[in-house]
Amino acid sequence: MPTDLTQLATRAGTRASVVRALERLDRFALQSAQALAVASDPAPYDELLGLMAGSEAGAGATADDTPDPAVAAVGAALPHAVRTLRDQALVWGPDSRLRLVRTARELLAPSPQHPSPTGLGPTVGEATAGMSPGRVQEIVTAVGLPRTHDSVSAVASLSGLFTDGPRMAALLGTAPAEALDVLTRLVWGPPYGQVTANPAPHLRWLLDRGLLLPTAPGTVVIPREVALHLRAGRAHRTVEPVPPAVEAAGAHRPQVVDATAAGQAYTALATMEELLKDWDEGGPAVLRAGGLSVRDLKRTAVALDVPEPVAAFWVELAYAAGLLASDGEADERYAATPAYDAWLELPPAERWAGLASAWLAATRTPGVVGERDAKERTLSALGPGLDRSAAPEVRHRVLTLLAGLPEGTSPTPDSVLARLHWERPTRAAQPSQAAQPPVRAEQGPAPKQGRAPQAQGGQPDDLRARLARWTLAEAESLGITGRGALSSHGRALLGLPPGTAATADLPETPGDKLPAHHVPTPAAPFPSPVPVVERTVAAARAARLLAPLLPEPLDHVLLQADLTAVAPGPLRRPLADMLGVVADVESKGGATVYRFTPGSVRRALDAGQTASDLHDFLNAHSRTPVPQPLAYLIDDVARRHGHLRIGAASAYVRCDDDAMLSEILADKRSQGLGLRRLAPTVLAAQADPAALLEGLRAMGYAPAAESAEGDVLITRALAHRTPARTAPEPVPDGPPAPDDTLLAAAIRAIRAGDLASTAPRRTSGTPVPSGTLPRTSSAETLATMQAAVLTGEALWIGYVNAEGSASQRVIAPVRVEGGFVTAYDHTADEVRTFPLHRITGVAELADDSI
């Protein structure tokens, strides 16, 4: 923590701090900072306004002039942009002397190595720095200016000509048409051009008059003053003072949107249950490097009947919600956590709210699965390297933009991306001139300039744009949106009241007459992650709104003669669980179709059910009579089930029907089991009981396992669970935002540090230079401390802590003993104990300085 304002200002001016502040600017504020970087230092507000809106705006319009709407928009938005730059500690000074901090000017000012997005080049003074004095005087003479006694005054005279509109217009009026064409191709950048050793006459005309200045052999540049004159004083070809509006793609009734979103929410719950139920007895193995293998992801996608990227999304969502983790065993596998069992017991709406809230705050990004990291390693689902700290704020912002539209209105994805790109333009996406070749000034039109990779909507395909597209798709899959529009429970998930447009983040600009959606946004429009308490309250409110929209679970099915059962809607959990044992899912959708097979019926019998139990179950839960084929199937499988008994010898088979055992021995398929007859009704096997059981079932028999006591074993699958696991913590983008208590403590400490550094000292003795620590002998330090204890006076001390960091403090000594002084530290606003040997010196303060 900085100890005073000097340290705070120093840290705010470091390159890392300035870059972070620039990255949090919106498009217009960033353009304003770029304009200040090419303005004079310091620059008056009117000069900045002229650079943003044109020379006419900077000079001011008369009362009879009709204001240009574009100029009016810039004039209305610029005060807020300057205020934003001040808030980000990038600009200081009054409006008459605006100064961009030095580091920001170094980053944004044009140079050959780092050209400015404005497309402007160096000033006349910078471009002529290495030119001979004689050549400078020749240029001054060629433009009709009197010769001077030195190069400095000559350059100043030339700069004055280029910044004088009427004189500059008169000079350009005498230029050849080919020369004006060259200037036109250089004026908006890149400002550099290539010439040969023997330039054409029209180029020689420009070089002789300083309208083009050489920077290297074969390379020329148009001076900044000349380019600004040709641009009518504008630093940017196109300024964007207002954010682009989010356009509507379609409008639906809010009830339709909520119903569609609720249906998708129910599908999301069913998908999550199906995924974790499939992994209930232990899921895929964990890769050595962590994560899910490509093969296992494909299998999961097939099981869920979704594409692989969608399967990765559901797997990552289960992990983010704490429902899925690795079991930590030697043969490490993925499995459901104990939290999954508690989640299943919740009402459906609360289960959905838990998933949606976890998704909203998660930094893990399943969209990057399959890509490669910096070390060319493939990123896998559930593996390392998927965290993107910008994901939560982009999700919040995208949904907030949807909430700003009228209820039931879906946006066009391109307009959402354009709005996000305006609010947080990435530096990599700026129109950089660094990678662009110089224009051939000799002949032909300017070549096409390189551009950043484009995404949909013409915006650079950066990470935030991809996150926004993923957010729109994932919100629809989760049921937060319906038909592209934000639902009422999705609005509640953001903490917004129903029907409220999310325009609270748009500040009011005094005198601004622009429409509401044209008001500039603040410097940091992307919200910080919502605190846990607020997120929990919002999730509970969203669950209450969603609950009436979800379908009521049914307690019945419709049995059909083709050995299928149709569930016309969601089933109650006991019914769904039992039906999942006795039948196989054949198709899913609005109505789920289950098929009864000999294998599925045997599975129910192995789980401890009897034929009468199955008949009673079907009669109790079917709205149609039990078809005769289904009843026959159950009775037939039950009659043969358990007729053979398998136990451990290595294994044995016993049966009261010796003819059946003879049939098994005669079957060639049984040779691999190593069977031999021990008695007329008993066969011994070399295979273990499990292999023998599966082998006989593969031959078409229905054996039952028995215990050592001869009782039939009920083979019910046991759910595999991991040890208790917590959901992964989101990876924040930088340090967490300080709360009010921490901010108050920091302000108090900085003010106390300022007091310590600026408190007046008594002038007796040798004066201590400002900013240095006091130096006194040990005896003098001890005597001064003891005297201050008696008088109650405050002292100024220099102190070196155990890490060797030196600081200055203002203390009021209370007690001195045992080599320590106990004092009230005004710097920290608390009582502390200081070792005397760590105090470099002491000085008395002037009266009334504390």
Side-chain angles (χ1 to χ4, degrees), residues 277-283 327 329 331 333 335 563 574 577-585 594-618 630-721:
K277 186 177 181 180
D278 187 51
W279 293 6
D280 203 38
E281 300 178 37
D327 56 13
E329 301 292 339
D331 182 17
R333 309 185 74 84
L563 298 181
D577 292 342
M578 183 59 188
L579 200 58
V581 174
V582 75
D584 298 324
V585 177
Y594 295 85
R595 177 166 294 278
F596 297 92
T597 65
S600 67
V601 174
R602 186 179 64 240
R603 184 172 62 232
L605 296 175
D606 288 342
Q609 302 294 322
T610 63
S612 60
D613 292 336
L614 297 181
H615 285 301
D616 293 341
F617 168 76
L618 295 176
L630 179 56
Y632 284 170
L633 174 65
I634 294 174
D635 292 337
D636 184 55
V637 174
R639 184 168 49 253
R640 292 185 295 122
H641 184 268
H643 198 52
L644 295 177
R645 300 295 183 90
I646 295 177
S650 257
Y652 63 85
V653 182
R654 69 182 181 88
C655 180
D656 296 335
D657 187 356
D658 57 348
M660 180 177 289
L661 294 182
S662 299
E663 181 184 342
I664 293 175
L665 283 173
D667 195 325
K668 293 183 179 180
R669 293 175 295 176
S670 67
Q671 292 179 359
L673 300 176
L675 296 174
R676 62 187 178 87
R677 188 185 294 272
L678 296 180
T681 58
V682 180
L683 296 179
Q686 295 179 0
D688 60 80
L692 181 57
L693 192 69
E694 293 300 323
L696 291 179
R697 284 177 177 173
M699 293 169 61
Y701 298 96
E706 70 178 16
S707 66
E709 292 78 18
D711 299 325
V712 176
L713 291 176
I714 297 175
T715 56
R716 182 180 292 111
L718 298 177
H720 179 66
R721 293 290 181 266

Subject >> CG-CZ distance between L665 and R676, expressed to the nearest 0.5 angstrom >> reply: 11.0 Å
Original post:
So how far is it from E663 CD to D658 CG, rounded to the nearest 0.5 Å?
Top reply: 12.0 Å
Original post:
Got a donor-acceptor contact below 3.5 angstrom from the R602 side chain to the L605 backbone?
Top reply: no
Original post:
Is the backbone N or O of I664 less than 3.5 Å from a side-chain atom of D667, with the two atoms forming a donor-acceptor pair by type?
Top reply: no
**OP:** Could you tell me whether D636 and R639 make a salt bridge, using a distance below 4.0 angstrom between a side-chain N and a carboxylate O?
**Re:** yes
Subject >> Backbone N/O of D584 and side chain of S600: donor-acceptor pair under 3.5 Å >> reply: no
Original post:
Just how far is it from atom CG of L673 to atom CE of M699, taken to the nearest 0.5 Å?
Top reply: 7.0 Å
Original post:
Heavy-atom distance under 4.5 Å between the side chains of V601 and H641, does that happen here?
Top reply: no
**OP:** Looking only at non-hydrogen atoms, find the nearest pair between A607 and V581 and report the distance.
**Re:** CB-CG1, 4.5 Å
Original post:
Does any non-hydrogen side-chain atom of L678 lie less than 4.5 Å from one of R654?
Top reply: no
Subject >> S612 side, atom OG; I634 side, atom CD1 - distance, nearest 0.5 Å >> reply: 10.5 Å
Original post:
What are the two closest non-hydrogen atoms of D613 and G608, and how far apart are they?
Top reply: OD2-O, 4.4 Å
Original post:
Counting distance only, does the side-chain N/O of R603 pair as donor-acceptor with the main-chain N or O of A583 below 3.5 Å?
Top reply: yes
Original post:
Does Y652 reach the side chain of L692, with side-chain heavy atoms less than 4.5 Å apart?
Top reply: no
Original post:
Within a strict 4.5 Å, meaning less than it, do heavy atoms of the M660 and Y701 side chains meet?
Top reply: yes
Original post:
Which pair of non-hydrogen atoms, one from A651 and one from A687, has the smallest distance, and what is that distance?
Top reply: CB-O, 3.2 Å
**OP:** Could you tell me which non-hydrogen atom of G283 sits nearest to which non-hydrogen atom of R333, and how far apart they are?
**Re:** O-NE, 2.8 Å
**OP:** Decide yes or no for F596 and L614: does some side-chain heavy atom of the first lie under 4.5 Å from some side-chain heavy atom of the second?
**Re:** no
Original post:
Looking at side-chain heavy atoms only, is the closest gap between L661 and L675 below 4.5 Å?
Top reply: no
Original post:
Does a sphere of radius 6.0 Å around CG in D616 hold more than 12 heavy atoms from other residues, nucleotides or ligands, not counting ones at 6.0 Å or beyond?
Top reply: yes
Subject >> Interatomic spacing from CG in L683 to CG in L696 - rounded to 0.5 Å >> reply: 9.0 Å
